[in-house]
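Written below as structure tokens is the structure these notes are about.
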Amino acid sequence: MKKITSLLLALFLLTAVSLPAFATELNEDSDPPEANTQINTIIAPTYVISIPEKTTINFGDTQTLLGTVKATHLQIEPYYCVTVRATAGELINAANPQKKLPYSLMSGTEAFTSHSFVDTVDAVELKIAITEADWDSAMGGAYNGIITFAVSYDSMVN
């Protein structure tokens, strides 16, 4: 019984060691004989975009820093970019949803709607702007709002 087990084990080990190998043809006409091996890989595009989580606006402030939108990791294809779009609404009074406080999402002196990133050096500082007239006409109470950021991977070639 030990001989049969040993023979089966040896046969199993011989078959386990034989792995299929694919080889290229050796060019024996060259001196010295040579062959080429082709190597390929695919790197899937990846990115990490950092957006501000939240902010609190003090009453009467006409400019409040929201935070910075930036790409903290970009591994993208040539002629592609990562685009961040923002949709801002109004601040809504918690006690009376009919009462609203308008604001603008700003980057510098321009209204922010989108920005395309091609490297991690670039960053966009965002601010919330509320005019004095809007503060003066607002009803008292707590206000809440949401800015929706959408991120897309886009070709820069039309």
Side-chain angles (χ1 to χ4, degrees), residues 16-27 30 32-158:
V17 173
S18 62
L19 297 173
F22 301 100
T24 186
E25 294 291 322
L26 184 65
N27 182 0
S30 62
E34 62 183 33
N36 295 325
T37 299
Q38 183 176 347
I39 301 172
N40 300 311
T41 188
I42 296 174
I43 300 173
T46 59
Y47 52 87
V48 176
I49 302 296
S50 174
I51 61 170
E53 181 180 2
K54 63 182 175 179
T55 194
T56 299
I57 303 170
N58 294 320
F59 174 73
D61 286 352
T62 57
Q63 294 278 321
T64 301
L65 179 63
L66 175 63
T68 303
V69 175
K70 60 184 173 181
T72 58
H73 172 79
L74 279 179
Q75 199 163 9
I76 59 178
E77 299 169 281
Y79 309 110
Y80 275 78
C81 64
V82 175
T83 303
V84 176
R85 292 175 180 77
T87 305
E90 299 172 306
L91 295 170
I92 299 170
N93 187 289
N96 183 349
Q98 301 301 318
K99 301 298 179 181
K100 297 178 176 137
L101 178 59
Y103 68 91
S104 299
L105 181 61
M106 306 295 289
S107 173
T109 59
E110 302 290 321
F112 178 84
T113 55
S114 68
H115 186 80
S116 296
F117 294 92
V118 294
D119 58 47
T120 56
V121 176
D122 201 7
V124 180
E125 187 175 276
L126 297 177
K127 293 181 181 179
I128 303 291
I130 301 175
T131 66
E132 286 184 33
D134 287 330
W135 278 120
D136 291 342
S137 64
M139 175 181 252
Y143 285 79
N144 301 299
I146 293 175
I147 300 171
T148 302
F149 289 92
V151 180
S152 60
Y153 184 65
D154 301 319
S155 172
M156 295 188 312
V157 180
N158 290 334

The criterion is side-chain contact (heavy atoms from CB on, under 4.5 Å); which residues satisfy it with [X], sequence neighbours excluded?
X      : result
Thr113 : none
Glu34  : Ser30
Asn58  : Asp61

Practice problem: Measure across Ala123 and Thr68 and return the closest heavy-atom pair with its distance rounded to 0.1 Å. | Solution: CB-CG2, 3.6 Å

Practice problem: For residues Thr72 and Ser50, report the shortest heavy-atom separation together with the two atoms involved. | Solution: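 That would be CG2-CB, 3.9 Å.
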
Exercise. Please report the C-alpha distance between Glu125 and Leu65 in whole Å, then the side-chain angles of each, then the deciding distance to 0.1 Å, and finally whether the side-chain contact (heavy atoms from CB on, under 4.5 Å) criterion is met.
Key: CA-CA 8 Å; Glu125 187 175 276; Leu65 179 63; 3.4 Å; yes

Quiz item: For residues 126-148, which residue pairs qualify under salt bridge (Lys or Arg N to Asp or Glu O under 4.0 Å), counting only residues two or more places apart or in two chains?
Solution: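 Non-adjacent pairs meeting salt bridge (Lys or Arg N to Asp or Glu O under 4.0 Å): zero.
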
Can you check whether [X] reaches [Y] side chain to side chain, under 4.5 Å on heavy atoms?
X      : Y      : value
Met156 : Val118 : yes
Val69  : Pro52  : yes
Ile57  : Trp135 : yes
Tyr153 : Pro45  : yes
Phe149 : Leu126 : yes
Ile128 : Leu105 : yes

Quiz item: Do the side chain of Ser104 and the main chain of Met106 share a donor and acceptor less than 3.5 angstrom apart?
Solution: no

Starting at [atom1] of [X], measure out to [atom2] of [Y] and round the result to the nearest 0.5 Å.
X     : Y      : atom1 : atom2 : result
Leu74 : Phe117 : CG    : CZ    : 8.5 Å
Leu66 : Tyr103 : CG    : OH    : 8.5 Å
Glu77 : Ile43  : CD    : CD1   : 10.5 Å

Exercise. Carefully, step by step, assess Thr62 and Thr131 under the rule side-chain contact (heavy atoms from CB on, under 4.5 Å).
Key: CA-CA 6 Å; Thr62 57; Thr131 66; over 6 Å; no

Acceptor/donor pairs from residues 81-101 side chains to any protein atom, 3.5 angstrom cut, sequence neighbours excluded:
residue, atom, partner, partner atom, Å
Thr83, OG1, Ser116, OG, 3.0
Thr83, OG1, Asp154, OD2, 2.8
Arg85, NH1, Ser152, OG, 2.9
Asn93, OD1, Ala95, N, 2.9
Asn93, OD1, Asn96, N, 3.0
Asn93, ND2, Gly140, O, 3.1
Asn93, ND2, Tyr143, OH, 3.4
Asn96, OD1, Gln98, N, 3.1

Practice problem: Apply side-chain hydrogen bond (donor to acceptor under 3.5 Å, both in side chains) to Gln63 and list each qualifying residue two or more places apart in sequence or on a separate chain. | Solution: none

